[in-house]
Amino acid sequence: MSQQPPAPAGTAGEFLHDFLLAAGRHTPDAPAVIESARPGLTTVTSYAQLGALADAYTDGLLTLGLETGARVILEADTTAHSLAMLLAASRAGLTFIPVSPKTPGQRLRSLIGTARPALHLQASDGERTDLPRALATARFGPGGLTVEHAPEQPRPRRRVPCVTDPAYIIFTSGTTGRPKGVVMSHRAVVAFYRGMLAYGIATPEDRIASTSPLQFDFSLLNIGLALGSGASVVPVPPDLVRWPRHLLRVLRETGATQVNGVPSIWRQPLRHEPGRLAALDRLRSILFCGEEFPLPELRRLQELLPKARVINCYGATESMACSFDDVPNPLPADAHRLSIGVAHPGAEMLLVDEHGEIVAEPGVPGEIHLRSPALFSGYWDDPQATRRTLVPDPLCPQSGQVVLRTGDLAVRGAGGEFYFRGRTDSQVQINGNRVELAEVERRLTQYPGVAAASAAALPQPEGGGLRLTAFVVLTAGRPAVDTADLGAFCARALPPYMVPQEIRLLDVLPTTPNGKVDRAALAQGARPAA
Ligand SMILES: Nc1ncnc2c1ncn2[C@@H]1O[C@H](COS(=O)(=O)NC(=O)C[C@H](N)c2cccc(Br)c2)[C@@H](O)[C@H]1O
């Protein structure tokens, strides 16, 4: 069998597949993946079974003769088979590009044109058909790896995989213009995983529910957290995440002990199924990331799950993530912001002001710069964007070391912990005044009855200038909020130019495929509440 032997001790670091399978070697019969395809049917894949699947897929991929470093599109949701294929791609020296089966054909074709993959892989029941004729295609599933359209046999130019090779590329739906391919090396991903495990989030008994699509690196965090801890991954099919009853059923039937996801996954369960949520007695911890958790909803979640550990995970795809902090449970009544903590062990966050000077004193805002072994290699085929993001170490530019310029603003608290203060690009200028949209949103969520809010600077209907517009979701069962009174409430704490000129009540906030509030959709003017 031609599988890649684990990196011998003492070589330059570890590959992704070595790290993900190491813990399970001691517990071959422990559950690695626990799936709930439909009510009452739970499928368990042990570490030994996952390893055997990965072996078989590795042989299948190696038989195709793709060269080391070739890209493969992995179009799948998170399942035991897609995890085995991810491990196999890593072992075969291939770079995988995770893509959701829901990706529109147009965007997939554009991504294929940019990344020039050697192979498209999808599950045996995958529905993708209109792929470019020149692209090799194969399917994977219980019947093994089935090649539909074989790749040409390129003359292999490389022989030795290195840990600095790209393990995966994630194409982010860049807020501006064309999607950017974030290239992450084996070395960076494993360094992040080790930093995260050092924070102490999971034990081998944990069953970690992953509610993000595989194309979102939050799912890769969950996979590394679970398999790296010898625990189990509980993938929640994306179609079920949106339906509170289905989501809670899957969590109950799989015995999930930890649920990881963006804040918006909790909005509907909190609104429609608080009783069933509170009844999840196996649930011990919740980890969220990607955006701020609206505090009214977080407090409600803590009321229903008073014993749960809640972890705020901050970071960007360009370093996978970078900090973890435990949210006090219950959150003190006078707390208006959550801390994002400090960088995970082995990394360091710095604040830099607009003059490039280091900000040391508490309470003074600066842009987070991250020093870390987990930094991405660069944006695929975009050296300019890479140079703008991986910048010379502000403390020692001569050294050649680069740090990640996050585009995030933060202040330090008295204890050295960081508080997120929005993005540099969500600073909008309204009538010449600098407005931090996150600040407006925070004030709106302090009004009794508001569950969540988002602010956007929309073009004035009659043209000329921008109009600060707020979109507000109310707590279930609350009497209608008087938007004029809500506006006055904002005026009592914010400068006039930061008071929303229009407040629209919505039933839900639109979300992106990755589950974050879809600010672009709001900017197009979401439908007002019925
Ligand atoms: N906890 C927070 N509070 C507030 N604002 C947050 C938080 N986490 C992010 N963000 C914002 O999201 C940006 C990044 O967006 S991203 O590149 O799409 N990546 C993400 O969101 C997800 C990110 N890779 C991530 C984070 C944690 C774990 C994993 Br695994 C992955 C950051 O730069 C921040 O602006």
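Small disclaimer: the values here were computed from a predicted structure and weren't measured. Indexing begins at 1, ligand by ligand and atom by atom, following the structure's order.
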Q. Does CZ in Arg405 sit with more than 12 non-hydrogen atoms of other residues, nucleotides or ligands closer than 6.0 Å?
A. no
Q) Do the ring planes of Tyr168 and Phe96 sit parallel (below 30°), tilted (30 to 60°) or perpendicular (above 60°)? A) tilted
Q. Has the side chain of Asp353 got a donor or acceptor atom that lies under 3.5 Å from a matching backbone atom of Ile358?
A. no
List, pair by pair, the atoms of ligand 1 and of the protein that are both N or O and lie under 3.5 Å apart, giving the separation rounded to 0.1 Å.
unit_1   : atom_1 : unit_2 : atom_2 : d
ligand 1 : 1 (N)  : Asn312 : OD1    : 2.8
ligand 1 : 1 (N)  : Cys313 : O      : 2.8
ligand 1 : 8 (N)  : Gly290 : N      : 3.0
ligand 1 : 10 (N) : Gly290 : O      : 3.2
ligand 1 : 12 (O) : Gly290 : O      : 3.2
ligand 1 : 12 (O) : Lys516 : NZ     : 3.1
ligand 1 : 15 (O) : Lys516 : NZ     : 2.9
ligand 1 : 17 (O) : Thr317 : N      : 3.1
ligand 1 : 17 (O) : Thr317 : OG1    : 3.1
ligand 1 : 18 (O) : Lys516 : NZ     : 3.3
ligand 1 : 19 (N) : Thr317 : OG1    : 3.2
ligand 1 : 21 (O) : Lys516 : NZ     : 2.7
ligand 1 : 24 (N) : Asp217 : OD1    : 3.1
ligand 1 : 24 (N) : Asp217 : OD2    : 2.9
ligand 1 : 24 (N) : Thr317 : N      : 3.1
ligand 1 : 24 (N) : Thr317 : OG1    : 3.3
ligand 1 : 24 (N) : Met320 : O      : 3.0
ligand 1 : 33 (O) : Asp408 : OD1    : 3.2
ligand 1 : 33 (O) : Asp408 : OD2    : 2.6
ligand 1 : 33 (O) : Arg423 : NH1    : 3.1
ligand 1 : 35 (O) : Asp408 : OD1    : 2.7

Q: Kindly write out the residues that satisfy side chain to side chain contact (heavy atoms under 4.5 Å, CB included) with Arg109, not counting sequence neighbours, or none if the list is empty.
A: Gln106, Asp130
Q. Within 45 degrees of the axis of the six-membered ring of Phe420 and under 6.0 Å from its centre: does Arg337 put its NZ or CZ there?
A. no
Q: Report yes or no: do Gln302 and Arg299 form a side-chain donor-acceptor pair below 3.5 Å?
A: no
